[in-house]
Amino acid sequence: MKFGIYYSYWENSWGADCLPYIERVAKLGFDVIEIAAHHVNSFSPAHLDDIGRCARDNGIIMTAGLGPKETCNLSSADADVRKAGRAFFEETLSNIAKLDIHSIGGALHSYWPVDFNKPLDKEGDWARGVEGIASLADFAADLDINLCIEVLNRFENHVINTAEEGVRFVTETGKSNVKVMLDTFHMNIEEDSFSSAIRTAGPLLGHFHTGENNRRVPGKGMLPWHEIGSALREIGYDGTVVMEPFVKTGGEVGRDIRVWRDLSNNASDEQMDIDARESLRFSRFVLAGC
């Protein structure tokens with residue numbers, strides 16, 4: 001397994017520049033940094049070159065996360081929105097490929113966060129989402145990119161909420177580069193068993209996010225990490241494990257994740273680095289057994 005962290009752990013804005021964090025995560029001992037994919041489209045070619053060079057120089061693998069806006073929803077009932085979504089994805093995938101990114105995960109089949117004040121059509125959104133992802137998969141395959149469909153909790157999305165649904169959705173696309181993505185925070189809300197959910201995903205598991213029930217770094221909450229690690233090892237998972245803690249209030253991140261109090265206990269940047277480093281050691285031990 002390769003272990004990483006989403007750089008928004010330190011940020012309030014989804015659009016913050018990831019470049020300053022690459023060397024930082026390398027010094028903390030991580031193998032991977034996850035970045036917000038959609039903001040890459042605003043970067044100049046020169047800046048993309050700088051990001052890619054920094055990652056190579058520091059031996060860091062990059063993965064991408066994405067919560068598409070409603071205007072780019074591949075499962076929309078509006079054909080014009082689906083068309084705009086396809087154009088957005090083609091631009092985004094082309095740009096992350098320039099960073100040697102081979103995995104993008106999130107609510108790729110839908111949009112995030114879902115507006116539950118509007119009428120919902122799970123069956124229709126499911127069918128249109130499968131069609132959109134299956135079509136997009138060939139474009140992604142030409143760029144050597146896996147599309148990892150994230151299983152989200154009921155408060156953030158309505159289409160795919162369990163590992164079983166994730167497997168069924170991915171299987172219906174019929175594309176080898178479309179994978180299941182699980183996240184322990186969401187699993188804690190939706191699944192009856194962490195280990196059963198991981199075994200259900202099995203060989204289709206393409207990306208794995210970790211975070212505590214309280215959104216803090218792994219080891220600072222109540223999740224059964226030894227059970228989770230045993231299940232990952234049982235299915236032979238050797239992919240990326242990216243922690244996605246959100247502890248800061250304010251800004252887009254605090255608003256969208258619903259962080260209404262400082263979960264870091266007013267930690268300094270130095271203390272947040274210490275927490276991340278300690279959590280990495282903990283994660284390697286309980287998940288990879290090393």
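Ring geometry, His226 versus Phe285: the interplanar angle exceeds 60°, so the pair is classed perpendicular (tilted spans 30 to 60°).
Counting heavy atoms from C-beta on, the side chains of His158 and Val114 come closer than 4.5 Å. Taking the side chain as every heavy atom from C-beta outward, Tyr7 and Glu34 never approach each other to under 4.5 Å. Here the side chains of Thr210 and Trp225 are in contact, with some heavy-atom distance below 4.5 Å. Between Leu232 and Phe208, the closest side-chain pair of non-hydrogen atoms falls below 4.5 Å.
Ring pair Phe169/His109: centre-to-centre distance below 6.0 Å.
Side-chain atoms of Asn157 and Ser110 include a donor-acceptor pair closer than 3.5 Å. Under 3.5 Å, the side chains of Asn73 and Glu70 contain no donor-acceptor pair of N or O atoms. For the residue pair His47 and Asp17, a side-chain donor N or O sits within less than 3.5 Å of a side-chain acceptor on the partner. For His186 and Asn188, the side-chain atoms include no donor-acceptor pair closer than 3.5 Å. For the 3.5 Å distance criterion, the side chains of Thr249 and Asp262 fail to qualify, holding no donor opposite an acceptor. In this structure, a donor-acceptor pair under 3.5 Å is absent between the side chains of Glu190 and Thr162.
Geometrically, Arg168 engages Trp126 in a cation-pi contact, judged by NZ or CZ lying under 6.0 Å from the ring centre and within 45° of the ring axis.
For the pair Asn177 (side chain) and Ala137 (backbone), a donor-acceptor distance under 3.5 Å is present. Judged by distance alone, with hydrogens and angles left aside, the side-chain atoms of Tyr237 form no donor-acceptor pair with the main-chain N or O of Val241 at under 3.5 Å.
The two residues Cys18 and Ile33 have their closest heavy-atom pair at O-CD1, 4.4 Å.
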